[in-house]
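Residue numbering restarts at 1 for every chain, and letters A, B, ... go by the order of the sequence lines. Heavy-atom basis, side chains included; hydrogens, waters and symmetry copies ignored.
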Amino acid sequence: MNNRTWARLAAVTAALALTLGACSSSDGDSATGGSTSGDTATDSAAGGDTAAGGDTAADGDTSQGDGATSGYDLNNPPGSETPVELIYWDWAPGIENIVDQWNAKNNGITVTLVTMDGGDPAIAKLLTAIKAGSGAPDIMHSEYQMIPTLVVGDALIDMTEYLDPSVKGQFTDAVWNSVTLGTDAVYAVPGDFGPLAFFYRADKFEEWGLTVPTTWDEYAEVARQVREKDPNAYLGTFSSNDAGWFTGMTQQAGASWWGIKDDSWTVDVNSDATKKVAEYWGGLVEEGAILNTPMYTPEWVAALADGTQVGWLSASWAPSVLISNAPDTQGLWKAAPLPQWDAANPATGTWGGSGTAITAQSEHPAEAAQFISWLNASEEGVKAMAELGQYPAADDLRTKVMTEPPAFMAAQTDYVDLLNQIAGTVNPFTYGPNVNVAYSAYNDEFGKACEQKSQDAFVAAVDTMQSLTLEDLISSGFAVAE
Amino acid sequence: MTAAQATPSASPPTATPAGTTRRPRKRKRQLWRDLPAWGFLTPVAVLFVLFMVAPIGYALFLSFRTYKTQGLGLGKGARKEVWNGLENYAKALSDPEFLASVGRVLIYGLVLVPTMILLATIFALLLDSRRARLKQFSRVSIFLPYAVPAVISSLMWGFLYLPAVSPFHWLAGRAGVSLPNMVSPNLITFAVANIALWGGVGFNMVVIYTSLKAIPSELYEAAVLDGCTEFQIAVRVKVPIVAPAIIMTLLFSLISTLQVFAEPMTLKPLTNTVPSTWTPLMKIYRDAFVRDDIFSAAASSIVVAFVTFLVSFGFLRLVQGRAFNEDQ
């Protein structure tokens, strides 16, 4: 799950509870572990077969085919003859239910969950433990964009040799690429991901006679109309706190901020695609068509609930955020594809999403790999993850287990199909080893630009991000191609 | 205590051989006399070394080092920790963000410290005046905010500042008045200072008040006999006598100003106006835990610690004799 989102969601919820005395814990429906193992085993083997055949036929990977018929049961891995205890760091609310479900298997591998405050603190803790030489868990949950940082910090191992080949077959190439960084190594197994979509208040749109925007030009037009209909209302906000959100927006436009070229990193933050996105949003902020204050503030949460934020460009996990922060608006929201730059070639980006990795300090990598494969690539694991409100990355399994829209979106009957269709249009994007530097530069530079409400400042912020990110890579000694 | 003191005076005769010369015996006797003192000091010294000296030493060591990566940095051992000389210090001292954060803290201190001390002194004097009523209640209610952790109070004030959720803005809106936005760039310094003030005045007031209580009442009687008004007593008698306490609180406030962290850090996600390097400590935190560069963070920490040390001792020198060493 998107770490910043959860961390701030938790903070905002806690803060709201403070003043309003209303404590919300949305993920009440715990994952119940009652699946008929015989049935699911066969199902999953079949699912694995087709996935492997379908997705990777092009690269003629023979090990793939072998793996699918090797008889490894992702739902019920062999376990361990001598009891093994694995420490697992995660922060997703409700994850303990999935861990309990695994431990109930009694297969000799016991997983002990240590709940973290959020993704960023967990990363800092892990890097500290790696430096200290002890104290790291066996299994680490990490957002995709932090994986390069962890690999460079020698915190994760290449888990290729411990993974059954059938695991890879569960994922699309675009998702799998985010855990291999485009190399031959596998640093994590993808868990969930967050394709971007446009969520809007269908009731307000109807009341004001607005049409759902399909292009960014239309989005700007609708944003202006919203301002005319209700001077207190906005179609959206540009958030200087959410670098991941902006990254996803540029991903849709075709940007990829990092890359690997001939054994060197490339940094391309200020590409034309990124500048186009910055210019667009800077223009909207400058004219006041959308708001310039961050998301995940008490103000923003209040605005979602009282109908003065009538749209949210968010990701597949948005319903679980909305249900806990604006429960009264259930049934009023609908999802649509992100507005497009080029309507003929629909595309989207991602915001959030994470995978599960084995740390360099683990003494039981083979056992850890069994748990990780079950968690992210078995039908049981994916089902439990979906029940927590996450959007699993394993493509075929997800379409199989997620047939109903989440309760919050129940009014939109085509929600599941729509999301699956959107998920198929994600543009590729490569994260580099200093995402944290680029992201904190984003926070600071766009914070200033938002406050100035100037289109020029938005574009200048992108250039500053580029130079800060590039300088940091060079001064750390990385091979960087100009 | 008595047992410990008895030991040194009793033991030397039995422990010292008869034939030794005068000098060594004297030295030995001194050692025996000091032994219990060292005994008492040992726990403190051990803890001090373990948890103060050693970490400071380690930070100092880290501040001269850095990571060097080779190639893509993806293979095992592609990143090495190497000696970096004074590079981290040069970087810290020439970093415009670091200097800007120092500048912000200076302005913040100029706003906060005088207000804090003035208010604390006035409250203490009011509570101490003979005509004060509801003393117990007032003292507790002024002191209470100090017991609220800075993160909680910052969250609370954050809610009060944000126009869309603030009850003040709501009330003002009802009355047709528009209040300024406290989390805008012009006012953010005051917004943060206000939180610190709210939390800190009570503590400083208690320090000064305790000192006021220690003044013998004969002084007041004499002053009244000489025709002093209550106000004159406060300004001409009380304030000069409690000056050391005021100077102490001033010093504490100065140090906590240099180390301001929790308040702006908590306000940061609520607004665009607090960058991740708003104060020096925030920049150190960002370097260490967001950018994973503990080496630059260590260098900046040493610089901040050194400046804090200089300011504190410089300040004490300046007001020599008034704060701690009156008798000398």
Leading residue by heavy atom contact count with chain B [cutoff under 4.5 Å; candidates A/Ala360, A/Ser240, A/Ala449, A/Gly432]: A/Ser240
Heavy-atom donor-acceptor pair, B/Thr69 side chain to A/Ser476 backbone, under 3.5 Å: yes
Pair B/Glu81 + A/Lys131: basic N to acidic O under 4.0 Å: yes
Heavy-atom proximity to chain B below 4.5 Å, by part of A/Ile157: neither
Contact residues of residues 280-292 of chain B (partner chain A; heavy-atom separation under 4.5 angstrom): B/Arg286, B/Phe289, B/Val290, B/Arg291, B/Asp292
Partner chain B: residue of A/Val151, A/Asn434, A/Thr308 with the largest heavy-atom pair count (under 4.5 Å): A/Val151
Residue from A/Tyr442, A/Tyr439, A/Trp257 passing side chain to side chain donor-acceptor pair (under 3.5 Å) with A/Thr247: A/Tyr439
Contacts of residues 161-168 of chain B with chain A (heavy atom under 4.5 Å): B/Leu162, B/Pro163, B/Ala164, B/Val165
Pairs of heavy atoms under 4.5 Å with chain B: top-ranked of A/Pro148, A/Gly447, A/Ala302, A/Ala185: A/Gly447
Contacts of A/Lys453 that satisfy side chain to side chain donor-acceptor pair (under 3.5 Å) - sequence neighbours left out: none
Listed partners of B/Arg104 passing side chain to side chain donor-acceptor pair (under 3.5 Å), at least two apart: none
Criterion ring-ring contact (aromatic ring centres under 6.0 Å, His included) on A/Tyr296 and A/Trp245, from CA distance to verdict: CA-CA 12 Å; A/Tyr296 293 99; A/Trp245 175 84; over 10 Å; no
ring-ring contact (aromatic ring centres under 6.0 Å, His included) partner of B/Phe295, the single match among B/Trp83, B/Phe64, B/Tyr67: B/Tyr67
Residue among A/Ala479, A/Ala124, A/Ser475 with most heavy-atom pairs under 4.5 Å to chain B: A/Ala479
